K.L.:
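Got a structure for you, questions after.
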Amino acid sequence: MAPARLTVWVRGRVQGVGFRWFTRARALSVGGVRGFALNLDDGRVQVVAEGTRRDCEQLLAWLRSDDTPGRVTGVTEIWATPRGGYAEFDIR
């Protein structure tokens, strides 16, 4: 399957609830997904994930599910060509 880069902005009550930690845990459980989760100043969380399209889609499906910590009210995503440079999935 072709490699992909997924950038996601998650809105809602997603800061101060362990959202980045659980996102990292989910990315690691999917396997092969590298990138990061970052709290933004406006209250959103940005997630950048690189891996196969299928693995990134699994992470995106989880981000849109009711299984995340906090309360997600919206998810916006952009797909692109991977840039590389990530050794693992980090919390920033």
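This structure is a prediction, so every number in the text was calculated from the model and none was measured.
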K.L.:
Taking only residues two or more places apart in sequence, or in another chain, which ones meet R44 in a side-chain hydrogen bond (donor to acceptor under 3.5 Å, both in side chains)?
P.N.:
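In terms of side-chain hydrogen bond (donor to acceptor under 3.5 Å, both in side chains), with neighbours along the sequence ignored, R44 is linked to D42.
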
K.L.:
Decide yes or no for W9 and V47: does some side-chain heavy atom of the first lie under 4.5 Å from some side-chain heavy atom of the second?
P.N.:
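A side-chain contact under 4.5 Å is absent here.
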
K.L.:
Could you report the tightest heavy-atom contact between G43 and V14, atom names first, then the distance?
P.N.:
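What the structure gives for the nearest pair is O-CG2, 3.6 Å.
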
K.L.:
Do V30 and W62 touch side chain to side chain, with heavy atoms closer than 4.5 Å?
P.N.:
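They are not in side-chain contact.
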
K.L.:
Would L60 end up clustered with V33 when hydrophobic side chains under 4.5 Å apart are linked, directly or stepwise?
P.N.:
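Yes.
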
K.L.:
Tell me if a side-chain donor or acceptor on E50 pairs with a main-chain N or O of G84 at a distance below 3.5 Å.
P.N.:
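Looks like yes, one N/O pair under 3.5 Å.
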
K.L.:
Here's one to test your reading of the geometry: is the NZ or CZ of R24 within 45 degrees of the ring axis of F89 and under 6.0 Å from its centre?
P.N.:
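The answer is no, since R24 fails at least one limit relative to F89.
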
K.L.:
With sequence neighbours left out, write down each residue that passes side-chain hydrogen bond (donor to acceptor under 3.5 Å, both in side chains) with T76, or none if nothing qualifies.
P.N.:
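T76 satisfies side-chain hydrogen bond (donor to acceptor under 3.5 Å, both in side chains) with R11 once adjacent residues are dropped.
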
K.L.:
When you compare the side chain of Q46 with that of T7, does any pair of heavy atoms fall below 4.5 Å?
P.N.:
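With C-beta onward as the side chain, the pair touches.
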
K.L.:
Look at the side-chain heavy atoms of Ile, Leu, Val, Met, Phe, Trp and Tyr, link any pair under 4.5 Å apart, and say whether I91 and L59 land in one connected group.
P.N.:
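Cluster IDs for I91 and L59 match.
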
K.L.:
Decide whether V45 and W21 are clustered together by the hydrophobic rule: side chain heavy atoms of Ile, Leu, Val, Met, Phe, Trp, Tyr closer than 4.5 Å, transitively.
P.N.:
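Yes: a chain of side-chain contacts under 4.5 Å links V45 to W21.
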
K.L.:
Could you give the distance from CD (Q15) to CZ (R20), rounded to the nearest 0.5 Å?
P.N.:
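Here the rounded value is 7.5 Å.
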
K.L.:
Write down the atom of G51, the atom of C56, and the distance for their closest heavy-atom approach.
P.N.:
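What the structure gives for the nearest pair is N-SG, 3.7 Å.
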
K.L.:
First locate atom CG of L63, then atom CG of L6, and finally report the distance between them rounded to the nearest 0.5 Å.
P.N.:
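Taking CG in L63 and CG in L6, the distance rounds to 7.5 Å.
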
K.L.:
What pairs with D66 under side-chain hydrogen bond (donor to acceptor under 3.5 Å, both in side chains), at least two apart in sequence or on another chain?
P.N.:
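Residues passing side-chain hydrogen bond (donor to acceptor under 3.5 Å, both in side chains) with D66: none at all.
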
K.L.:
Thinking salt bridges, do R34 and D90 make one under a 4.0 Å N-O criterion?
P.N.:
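Looking at D90 together with R34, the answer is no, because their closest N to O distance does not fall below 4.0 Å.
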
K.L.:
Hey, does T81 have a side-chain heavy atom less than 4.5 Å from the side chain of R5?
P.N.:
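R5 vs T81: side chains apart.
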
K.L.:
Counting C-beta onward and ignoring hydrogens, is there a side-chain heavy-atom pair between V8 and V75 closer than 4.5 Å?
P.N.:
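Yes, close enough: below the 4.5 Å cut-off.
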
K.L.:
Apply the test side chain to side chain contact (heavy atoms under 4.5 Å, CB included) to residues V48 and Y86: give CA-CA distance (whole Å), side-chain angles for both, the deciding distance (0.1 Å), then the verdict.
P.N.:
CA-CA 10 Å; V48 174; Y86 304 111; 3.8 Å; yes

K.L.:
Enter the distance from M1:CE to D55:CG here, rounded to the nearest 0.5 Å.
P.N.:
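So the gap between those two atoms works out to 9.0 Å.
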
K.L.:
Go through the steps for R64 and V72 under the test side chain to side chain contact (heavy atoms under 4.5 Å, CB included), then give the verdict.
P.N.:
CA-CA 7 Å; R64 289 189 163 147; V72 173; over 6 Å; no

K.L.:
W79 ring centre to R53 NZ or CZ under 6.0 Å, with the angle to the axis within 45°?
P.N.:
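The answer is yes, since R53 meets both limits relative to W79.
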
K.L.:
Quick check: do T68 and F19 have side-chain heavy atoms less than 4.5 Å from each other?
P.N.:
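Sidechains of F19 and T68: in contact.
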
